[in-house]
Enquirer: 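Structure provided below as structure tokens; questions to follow.
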Amino acid sequence: MINVVTQPTPNPATMKFLPGCAVMVDGTADFPLPDTANRSPLAARLFVIEGVIGVFLGADFVSVAKRAEDNWDRLAPLVAREIEAHFESGAPAVEQEVAAEDDAVCNPVSTHIRELIDTRIRPSVAQDGGDIVFRGFEDGIVRVSLQGACVGCPSSSATLKMGVENLLKFYVPDVTGIEVVQ
């Protein structure tokens, strides 16, 4: 029996759901719109719920974004019930898992930046139901994309500048700034 636990995130439009089992075997998957969920039976199931506008799958959690006019008191039990039913059915969360990472060729500086993001930053961001993905490094600027609860979170820009950028500048002198890309 699956028992889904809900956890608020810093972004009031997003709720984190913990099913108590593995969601993604490797990487993450972001479904920002219903028409992007064709490879995810779980995301497709959640988009049927009126008010759900985004689904993000992490290693052991599901982050769901809602419309501003909806409230979690109504949506959370519906979402939890669908997540429970999905995992009890034995169906995969994603039919063909796709890595969220950009497969760009990396130089030693990019490799170091990616390692710092993966080991020091992503685990913290995942605790809040989101993800930060390295997209490249050029001319001193680290390019990342935000996913899940991080998208639209009021504190994400401050976290990027004061937390992520400062950490990267400390460990990688070549870093001069950070930029969010899609």
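Since this is a predicted model, take the numbers as computed values, not measurements. All values below come from the heavy atoms of this structure, side chains included, with hydrogens, waters and symmetry mates left out.
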Enquirer: Specify the closest pair of heavy atoms between Gly177 and Lys169, including all atoms of both residues, with the distance to one decimal.
Expert: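 Heavy-atom minimum between the residues: N-CE, 4.3 Å.
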Enquirer: Look only at the side chain of Ser40 and the backbone of Ala37, and say whether a donor-acceptor pair between them is shorter than 3.5 Å.
Expert: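 Here the side-chain-to-backbone pair does not exist.
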Enquirer: Could you pull out all donor-acceptor pairs under 3.5 Å where a side-chain atom in residues 44-61 meets a protein atom, sequence neighbours excluded?
Expert:
| residue | atom | partner | partner atom | Å |
| --- | --- | --- | --- | --- |
| Arg45 | NE | Glu82 | OE1 | 2.6 |

Enquirer: Could you pull out all residues at least two apart from Arg120 that satisfy side-chain hydrogen bond (donor to acceptor under 3.5 Å, both in side chains)?
Expert: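 In terms of side-chain hydrogen bond (donor to acceptor under 3.5 Å, both in side chains), with neighbours along the sequence ignored, Arg120 is linked to Tyr171.
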Enquirer: Between Asn71 and Asp73, is there a donor-acceptor pair closer than 3.5 Å when you use the side chain of the first and the backbone of the second?
Expert: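 Confirmed, Asn71 side chain pairs with Asp73 backbone.
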Enquirer: With rounding to the nearest 0.5 angstrom, report the CZ to CD1 distance, Arg143 to Ile113.
Expert: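 The CZ atom of Arg143 sits 10.5 Å away from the CD1 atom of Ile113.
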Enquirer: Taking a hydrophobic cluster as the set of Ile, Leu, Val, Met, Phe, Trp and Tyr residues connected by side-chain heavy atoms closer than 4.5 Å, whether directly or through intermediates, do Met15 and Leu18 fall within one such cluster?
Expert: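 No; Leu18 is not reachable from Met15 via cluster members.
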Enquirer: For the residue pair Val4 and Ala80, what are the closest heavy atoms and their distance?
Expert: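 Scanning both residues, the minimum pair turns out to be CG2-O, 3.8 Å.
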Enquirer: Return the minimal non-hydrogen interatomic distance between Ser63 and Gly130, and the atom names on each side.
Expert: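 The answer is OG-N, 4.4 Å.
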Enquirer: Could you walk me through whether Val94 and Leu42 pass the side chain to side chain contact (heavy atoms under 4.5 Å, CB included) test, one step at a time?
Expert: CA-CA 7 Å; Val94 177; Leu42 175 56; over 6 Å; no
Enquirer: In Å, rounded to the nearest 0.5 Å, how long is the span from SG of Cys21 to CD of Glu84?
Expert: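 Result: 10.5 Å between the selected atoms.
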Enquirer: Among Val133, Val164, Ile117, which residue satisfies the side chain to side chain contact (heavy atoms under 4.5 Å, CB included) criterion with Val144?
Expert: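 Testing each of Val133, Val164, Ile117 against Val144, the sole residue satisfying side chain to side chain contact (heavy atoms under 4.5 Å, CB included) is Ile117.
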Enquirer: Decide, yes or no, whether a salt bridge links Glu95 with Arg39 under the criterion of side-chain N to carboxylate O below 4.0 Å.
Expert: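 The answer is no: the pair does not qualify as a salt bridge.
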Enquirer: Apply side chain to side chain contact (heavy atoms under 4.5 Å, CB included) to Thr6 and Trp72, showing your working.
Expert: CA-CA 10 Å; Thr6 59; Trp72 285 117; over 6 Å; no
Enquirer: Quick one: CG on Asp30 to OG1 on Thr36, what's the gap to the nearest 0.5 Å?
Expert: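 Here the interatomic distance stands at 7.5 Å.
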Enquirer: Is a side-chain N or O of His86 found less than 3.5 angstrom from the main chain of Arg81, in a donor-acceptor match?
Expert: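 Looks like no, no N/O pair under 3.5 Å.
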Enquirer: Are any side-chain N or O atoms of Lys66 and backbone N or O atoms of Ala76, one a donor and one an acceptor, separated by less than 3.5 Å?
Expert: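 No, because the side chain of Lys66 does not come within donor-acceptor range (under 3.5 Å) of the backbone of Ala76.
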Enquirer: Minimum heavy-atom separation for Phe87 and Ala22, please, with both atom names.
Expert: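 Smallest interatomic distance, heavy atoms only, reads CE2-O, 3.8 Å.
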Enquirer: Say you draw a straight line from OG1 of Thr111 to CZ of Phe134; how long is it, rounded to the nearest 0.5 Å?
Expert: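 Answer for the OG1-CZ pair, Thr111 versus Phe134, is 8.0 Å.
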Enquirer: Are the side chain of Thr9 and the backbone N or O of Thr14 linked by a donor-acceptor pair below 3.5 Å?
Expert: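 At least one qualifying donor-acceptor pair exists.
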Enquirer: Is it true that Val64 and Leu33 fall in one hydrophobic cluster, defined by side-chain heavy atoms closer than 4.5 Å?
Expert: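 They do not share one cluster, since no chain of ILVMFWY contacts under 4.5 Å joins Val64 to Leu33.
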Enquirer: Mind listing the closest non-hydrogen atom pair of Val172 and His112 along with its distance?
Expert: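 That closest heavy-atom pairing would be CG2-ND1, 3.4 Å.
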Enquirer: What is the distance from atom CD1 of Ile178 to atom CG of Leu168, rounded to the nearest 0.5 Å?
Expert: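 Interatomic distance, Ile178 CD1 to Leu168 CG, rounded to 0.5 Å: 5.5 Å.
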Enquirer: If you round to the nearest 0.5 Å, how far is CD1 of Ile132 from CD1 of Ile121?
Expert: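 Between Ile121 CD1 and Ile132 CD1, I get 6.0 Å after rounding to 0.5 Å.
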Enquirer: Test Glu165 against Leu160 for side chain to side chain contact (heavy atoms under 4.5 Å, CB included), laying out the working first.
Expert: CA-CA 6 Å; Glu165 183 177 277; Leu160 271 175; over 6 Å; no
Enquirer: Which heavy atom of Ala93 sits nearest a heavy atom of Pro41, and at what distance?
Expert: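 Heavy-atom minimum between the residues: O-CD, 3.4 Å.
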Enquirer: Do Gln147 side-chain atoms and Asp131 backbone N/O form a donor-acceptor pair below 3.5 Å?
Expert: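 Not a single qualifying donor-acceptor pair exists.
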